[in-house]
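I have placed the structure first, in the form of structure tokens, so that the comments after it can refer back to it.
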Amino acid sequence: MAGRYKSKIGWSEVTPREVFMSRRQWMTGAAALGLGAIAGPSFANIRRNAKFSTLEEPNTFEEITSYNNFYEFGTGKDDPARFADALTTDPWSVEIDGMVERPGNYNLADILGAMDIEERVYRLRCVERWSMVIPWVGFELADMLKMAGADMNAKYVRFETLYRPDEMRGQRRRTVPWPYVEGLRMDEALHPLTFMATGLYGEEVLPNQNGAPIRLVVPWKYGFKSIKSIVKVTVQNDEPLNSWQEIAPNEYGFYANVNPNVDHPRWSQAMERRVGGGLLAKNQPTEMFNGYGEEVASLYEGMDLAKFY
Amino acid sequence: MSISQSINTALRRVPAWPIYIVSVIPPVWYLYLGFTGGLGFEPIKELEHRIGLLGFQVLLATLAISPIRKYLGVNLIRYRRALGLVGFFYIVCHLLVWAALDVQAVNEALADIVKRPYITIGMAGFALLIPLAMTSNNWSIRRMGPLKWRRLHQLSYATVILGGIHFIMARKGFQLEPWFYMGLVVVLLGLRVDLGAWFARPRRA
């Protein structure tokens with residue numbers, strides 16, 4: 001990517017595509033508006049995967065990029081937005097190793113070139129009871145695993161976030177045993193809903209605070225499973241010990257499926273609150289598997305979800 | 001005249017009642033911020049945390065008054081009752097925001113108090129404050145007598161310990177801020193222990 005154009009414009013100055021698209025629609029008149037409504041509010045020339053996208057109203061770009069959990073930059077919700085611009089995301093490579101035919105350090109640009117980039121509007125449910133709707137841009141994890149020739153009979157996939165304390169100030173303190181680690185069972189990793197996000201709101205670039213340049217998105221699991229700024233992917237047979245399970249095994253398990261019937265020890269998971277609703281925002285019931293039960297419930301058939309939380 | 005003496009003399013003319021009036025400003029200001037976007041995109045949690053922390057800070061300030069007199073010679077005792085009541089007021093606000101805006105259901109809030117240890121502990125700390133707030137008046141001191149009254153108000157020590165634990169447990173993972181406050185609690189209570197008297201105390205054989 002030598003000589004690649006770099007904009008000095010900050011993300012905060014970018015008009016959300018939804019906003020300027022709606023301006024254009026307004027200018028082109030009622031007919032265009034009607035067509036736009038039929039096609040759905042597409043944010044760019046990036047194809048939206050309608051089958052896997054919710055029709056719910058997405059949170060604004062500002063909400064998605066201002067209210068984040070990314071402890072690598074601090075434990076405050078606004079710390080990632082304040083401090084994540086220190087992170088260098090170019091050059092970036094992802095090491096794929098373990099039970100794969102073609103292990104190695106994959107340049108992010110090469111990965112992206114080989115992938116089918118599309119948009120997916122997913123619900124995100126944080127274990128802390130807040131939620132958002134986010135229009136991600138990216139590709140299916142399964143495609144990346146296939147690219148590296150992953151052994152599909154292996155049992156697990158392990159992910160690791162970058163450890164670079166001089167750029168990630170939150171790592172200078174041991175809030176979490178760095179680097180942050182997450183994992184999925186192979187069938188979860190290969191599920192078509194499991195997504196690698198490399199962009200947001202129609203842009204093929206992720207804001208740093210959202211886990212740039214490449215992050216996992218598993219919409220039926222609590223947000224902490226969706227590991228950010230990934231540098232390493234390992235295909236293995238041992239169940240990875242994910243960071244939050246390591247920190248508090250009685251509170252956070254390996255599966256972390258969104259489940260209104262299994263409480264967190266410190267709070268009920270029955271309800272959630274959409275971010276951005278203001279001081280009088282109403283709580284809404286949390287759905288089993290965050291509303292993706294039809295697609296993923298079969299993965300857990302016969303499992304005691306209170307035990308494998 | 002020493003510095004502490006001149007401070008004490010100057011303070012003689014400063015009454016305690018303005019504390020009550022000023023104390024209304026932070027909750028009103030936070031509410032205003034919450035309604036105008038000043039508390040971020042999840043203003044309910046932010047409001048709940050800010051007013052809770054403020055209440056804890058004011059209660060710790062209340063407990064700092066007697067060590068300040070003992071070690072620095074500055075006498076702020078006159079303001080202690082007002083500070084204690086203001087701290088109580090903020091904790092009531094914290095509770096109201098939690099129940100009405102955050103949990104949004106009385107039965108769920110009650111269930112949480114029973115089921116969730118960090119909320120049980122927080123509620124216990126609050127419950128101990130109720131008799132203290134109710135007896136924070138001259139009439140109660142006269143009626144109870146200073147000894148009994150003082151002993152009752154030592155419940156405030158338990159309250160800040162419970163509050164500190166509640167704060168630590170409410171955070172995800174190991175976080176520095178609540179431990180800093182727990183350190184303050186230990187220092188403020190530690191300053192009250194009279195080590196000389198402790199060692200001089202006659203022991204049972």
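FYI, side chains are in, hydrogens and waters are out, and symmetry mates aren't considered; it's all heavy atoms of this structure. Sequence lines set the chain letters: A, B, ... in the order given, protein chains first and strands last, and positions in each chain run from 1.
Within a 6.0 Å radius of CZ in B:Arg81, more than 12 heavy atoms belonging to other residues, nucleotides or ligands are found. Atom NZ of B:Lys70 sits in a crowded spot, with more than 12 heavy atoms from other residues, nucleotides or ligands closer than 6.0 Å. Other residues, nucleotides and ligands contribute only 12 or fewer heavy atoms inside 6.0 Å of the CZ atom of B:Arg151.
Classification of the B:Phe88-B:Phe126 ring pair by plane angle, with boundaries at 30° and 60°, yields parallel. Note: B:His166 and B:Tyr118 have parallel aromatic rings, judged against thresholds of 30 and 60 degrees for the angle between ring planes. Using a 30° and 60° split on the angle between ring planes, A:His264 and A:Trp267 fall in the parallel class, below 30°. Ring-plane geometry between A:Tyr252 and A:Trp244 is classed as tilted, the angle between the planes lying from 30 to 60 degrees on a 0 to 90 degree scale.
At a 4.5 Å heavy-atom cutoff, B:Leu39 makes no contact with chain A through either its backbone or its side chain. With a threshold of 4.5 angstrom between heavy atoms, B:Phe35 approaches chain A through its backbone and through its side chain. Looking at A:Thr75, only its side chain comes within 4.5 Å of chain B, counting heavy atoms on both sides. Residue contact with chain B, scored on non-hydrogen atoms closer than 4.5 Å, involves the backbone and the side chain of A:Lys282 alike. Interface remark: B:Glu46 contributes no atoms to any contact with chain A (heavy atom separation under 4.5 Å). The part of B:Ala170 that comes within reach of chain A is its backbone (N, CA, C, O), which places non-hydrogen atoms under 4.5 angstrom from that chain. Residue A:Arg129 touches chain B through its side chain alone, counting heavy-atom pairs closer than 4.5 Å. When heavy atoms are compared at a cutoff of 4.5 Å, A:Arg266 approaches chain B by way of both its backbone and its side chain. At a 4.5 Å heavy-atom cutoff, A:Val176 makes no contact with chain B through either its backbone or its side chain. In this structure, the portion of B:Leu47 lying under 4.5 Å from any heavy atom of chain A is its side chain and not its backbone. The contact between B:Val103 and chain A is made entirely by backbone atoms, counting heavy-atom distances below 4.5 Å.
Of all the listed residues (B:Ala100, B:Pro43, B:Ala111), the one sharing the greatest number of non-hydrogen pairs under 4.5 Å with chain A is B:Pro43. Taking chain B as the reference chain and counting heavy-atom pairs below 4.5 Å, the highest number among A:Ala281, A:Gly277, A:Ala248 is found for A:Ala281. Highest contact tally toward chain B, considering only A:Asp78, A:Val275, A:Ile247, is held by A:Val275 [criterion: heavy-atom pairs under 4.5 Å].
If you check the side chains of B:Trp149 and B:His153, you find a donor sitting under 3.5 Å from an acceptor.
Between A:Phe254 and A:Tyr156, the distance from one ring center to the other falls under 6.0 angstrom.
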